[in-house]
Amino acid sequence: MSDIKAPKGTRDIFAPEIHKWQYLESAIRAYYGKYLYQEIRTPVFEHSELFSRGIGSETEVVQKEMYTFKDKAGRSLTLRPENTASVVRAAIENNLFETLAPLRFYYIGPMFRYDKPQKGRYRQFQQFGIEVFADDSPQVDAEVIFAAVDFLKKLGIEQVQLELNSVGCPNCRPAYLQLLRRAAQAEAHRLCDDCRRKIDGNPLRIFDCKQHACSEISRGFPVIGDHLCSECADHFAAVREALSWMNVPFLLNPRLVRGLDYYTKTAFEVTSGQLGAQNALLGGGRYDSLIRELGGPDTAAIGFAAGMERIILHLEHLEASRPRILFVACGDPQWLAHAMQLAQVLREEGYPVHLDYQGRNLKKQFKKADRIAAAFTLVLAEDEIRSGTVSVKDMASQEQVKIPLKELNAWLKKNY
RNA sequence: GUGAGUGUAGCUCAAUGGUAGAGUAUCAGACUGUGGAUCUGACCGCUGCGGGUUCAAGUCCCGUCACUCACCCCA
């Protein structure tokens, strides 16, 4: 074995798991196409500043988890830890706000975070996500959330929980944060070191602390829901109403906090009980200020990102539909020319065909056909060559018929 | 970054401190016109790596790396 291994937190994906990935990717394209989302592909690395400005320099992601490096010209570049900032950058840079309608994007691709790997968490991981620009209506929030939950349902993933909150906006959040800081300050002596540090940076994250003492204490803290401005409160009420139109059940979590700073108003997260500690399948929300902050027009936006590895973990029972394979068995190496030509003709007809060139006896070849789960084995040996026929054995029923080569195509059309 | 568990054949796993094994997979034969079964044989290893203790280490000790899970954080 080579002593060079895949870097920590990365992995190789191949059959049979790769079938699930291909299935998932095509499901994403088909499903979100129906909402007029169009694919966007952005670079895997960006100027580091895009993320520190977009995601927020105080966030865990930016402070500890970025793969940042200098290129040969001394530019600071970063492997993208998420894709929303890039999509916004791309929209601004290409003037998509002026040219594209509707402004709806989906993406699929690798993201990178320098985290310690564990179940459902990798350093290179796949996300797909959607972004809607230039629509500030609460109904589009409901549509995005519906399209997140409904997609999982269509994949057969139903044991999930949707948590919902509003995190306010620049009009009401600062005042609330002051209130929260004051409350936390008063209890600071009882909070853990970690939480004490959060008071000044992002006190909302105190709600995330799983230490018993901290969560007990923070339960008494004011929650944003009671301090939303009327615009945010109205918006949130309308989102909830529209969700009920679409029969989307949700759990109000007034302490739901997202890890990225750009969220405003609606924030949501879908979790699963089957995942272990890393239980978030997807998360998202509205980010009405980000586009302006990154130099674009003052434009509302909403989206979510989903962890594909975590979705794949829920597809365990998905039976990969394997192609029906034809195996051409050659009775003697002297007929290999016929066998290769037959195989090629069949491939051009669209069948997956395999054959063995090792000159093994028919028994070995049938064994091989069995191993690769061939649907039919086509025998070409002396009898068949002489009579211009081929013997076709149905591997499941064990029935075998000898048919003229000229009729093979028609026979396969009927029996394949 | 912190903690715990695990590292032996391609895969799944054995081996009271005393000659590294089995199942499975692969290849060949029994069986040169027919798969799943059976039997026989072959192949497969610096026991993660580096030190230490010992007459002797896969086994005990230290370090290190990797994987897994959890903390943290999130998707």
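Nothing here was measured: the structure is a model prediction, and the numbers come from that model.
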For the side chain of [X], counting heavy atoms from C-beta on, which of [options] is nearest?
X	options	result
A:Ala381	B:C73, B:G33, B:A70	B:G33
A:Ala277	B:A70, B:C74, B:U32	B:A70
A:Lys116	B:A75, B:C73, B:A70	B:A70
A:Asn361	B:U32, B:C72, B:G33	B:U32

Expressed in whole Å, how much space separates the [atom1] atoms belonging to [N] and [M]?
N	M	atom1	result
B:G7	B:A15	P	10 Å
B:U8	B:U47	P	11 Å
B:U24	B:A14	C1'	14 Å
B:C49	B:G45	P	13 Å
B:G17	B:C74	C1'	47 Å
B:G10	B:C44	C1'	8 Å
B:G58	B:G21	C1'	12 Å
B:U16	B:U59	P	13 Å

For [N], which nucleotide in any strand shown is its Watson-Crick or wobble partner with both distances under 3.5 Å?
N	result
B:A56	none
B:U6	B:A66
B:A22	B:U12
B:G17	none
B:C43	none
B:U34	none

So what does [X] touch, heavy atoms closer than 4.0 Å: a base, only the sugar-phosphate, or nothing?
X	answer
A:Gly9	sugar-phosphate
A:Asp383	base
A:Gly283	sugar-phosphate
A:Glu382	base
A:Phe327	nothing
A:Gly129	nothing
A:Ile311	nothing
A:Glu60	sugar-phosphate

Handout entry: Check against ring pair (Phe, Tyr, Trp, His ring centres under 6.0 Å), A:Tyr67 and A:Phe45
Key = CA-CA 9 Å; A:Tyr67 273 97; A:Phe45 55 87; over 10 Å; no

In whole Å, I'd like the distance from the [atom1] atom of [X] to the [atom2] atom of [N].
X	N	atom1	atom2	value
A:Lys5	B:G7	NZ	P	14 Å
A:Leu313	B:U68	CG	P	12 Å
A:Gln365	B:C31	CD	P	19 Å
A:Arg113	B:C72	CZ	P	17 Å
A:Gln124	B:C74	CD	P	21 Å
A:Asp115	B:C74	CG	P	10 Å
A:Tyr357	B:C27	OH	C1'	20 Å
A:Phe268	B:C74	CZ	C1'	15 Å

Exercise for the section: Please collect all side-chain hydrogen bond (donor to acceptor under 3.5 Å, both in side chains) contacts where either partner lies in residues 398-410 of chain A, sequence neighbours excluded, each pair once. Expected result: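 Qualifying pairs, neighbours excluded: A:Glu349-A:Asn409.
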
Practice task
Look at A:Arg360 and B:A28 and indicate whether a side-chain polar atom (N or O) is within less than 4.0 Å of OP1 or OP2.
Solution key: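 Yes, within the criterion.
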
Problem - Contact under 4.0 Å: A:Gln118 side-chain N or O vs B:U68 OP1/OP2 - result: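 Indeed not, no polar side-chain atom of A:Gln118 lies that close.
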
Problem - Toward the 5' end of RNA chain B, by each residue's nearest nucleotide, A:Tyr114 or A:Arg121 - result: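 This one resolves to A:Tyr114.
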
Are [X] and [Y] close enough that a side-chain donor and a side-chain acceptor fall under 3.5 Å?
X	Y	answer
A:Gln178	A:Arg181	yes
A:Glu131	A:Tyr287	yes
A:Ser166	A:His235	no

Exercise for the section: Hey, could you give me the CG/CZ distance between A:Asp115 and A:Arg123, rounded to the nearest 0.5 Å? Expected result: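 Rounded to the nearest 0.5 Å, the CG-CZ separation comes out at 7.5 Å.
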
Handout entry: Test: A:Arg324 cationic atom under 6.0 Å from A:Tyr416 six-membered ring centre, within 45° of axis
Key =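 Ring-cation test returns yes.
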
Exercise for the section: Check whether NZ of the Lys or CZ of the Arg A:Arg11 lies under 6.0 Å from the centre of the six-membered ring of A:Tyr122 and within 45 degrees of that ring's axis. Expected result: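 Yes, A:Arg11 and A:Tyr122 form such a contact.
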
Problem - Distance-only donor-acceptor test, A:Arg258 side-chain atoms vs B:C73 base atoms, 3.5 Å - result: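 No pair found.
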
Exercise for the section: Please say whether more than 12 non-hydrogen atoms of neighbouring residues, nucleotides or ligands are located less than 6.0 Å from NE2 in A:His227. Expected result: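 Buried by this count: over 12 neighbours within 6.0 Å.
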
Practice task
Before giving the answer on salt bridge (Lys or Arg N to Asp or Glu O under 4.0 Å), spell out for A:Arg258 and A:Glu269 the whole-Å C-alpha distance, their side-chain angles and the decisive distance to 0.1 Å.
Solution key: CA-CA 8 Å; A:Arg258 313 253 45 259; A:Glu269 198 167 289; 3.2 Å; yes

Atom pairs, protein N/O to nucleotides 34-38 of chain B N/O, distance under 3.5 Å:
from: B:U34; atom 1: O2; to: A:Lys393; atom 2: NZ; distance (Å): 3.4
from: B:U34; atom 1: O2; to: A:Gln400; atom 2: OE1; distance (Å): 3.4
from: B:U34; atom 1: N3; to: A:Gln400; atom 2: OE1; distance (Å): 2.7
from: B:U34; atom 1: N3; to: A:Gln400; atom 2: NE2; distance (Å): 3.2
from: B:U34; atom 1: O4; to: A:Gln400; atom 2: NE2; distance (Å): 2.3
from: B:G35; atom 1: OP1; to: A:Lys363; atom 2: NZ; distance (Å): 2.8
from: B:G35; atom 1: O2'; to: A:Asp370; atom 2: OD2; distance (Å): 3.3
from: B:G35; atom 1: N7; to: A:Lys393; atom 2: NZ; distance (Å): 3.1
from: B:G35; atom 1: O6; to: A:Met395; atom 2: O; distance (Å): 3.1
from: B:G35; atom 1: O6; to: A:Gln398; atom 2: OE1; distance (Å): 3.4
from: B:G35; atom 1: N1; to: A:Met395; atom 2: O; distance (Å): 2.3
from: B:G35; atom 1: N2; to: A:Asp370; atom 2: OD1; distance (Å): 3.1
from: B:G35; atom 1: N2; to: A:Met395; atom 2: O; distance (Å): 3.2
from: B:G35; atom 1: N3; to: A:Asp370; atom 2: OD1; distance (Å): 3.3
from: B:G36; atom 1: O4'; to: A:Asp370; atom 2: OD2; distance (Å): 3.1
from: B:G36; atom 1: O6; to: A:Gln398; atom 2: NE2; distance (Å): 3.1

Handout entry: Identified ring-ring contact (aromatic ring centres under 6.0 Å, His included) partner of A:Phe151 from the options A:Phe128, A:Phe146, A:Tyr106, A:Tyr37
Key =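 Among A:Phe128, A:Phe146, A:Tyr106, A:Tyr37, the one that satisfies the ring-ring contact (aromatic ring centres under 6.0 Å, His included) with A:Phe151 is A:Phe128.
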
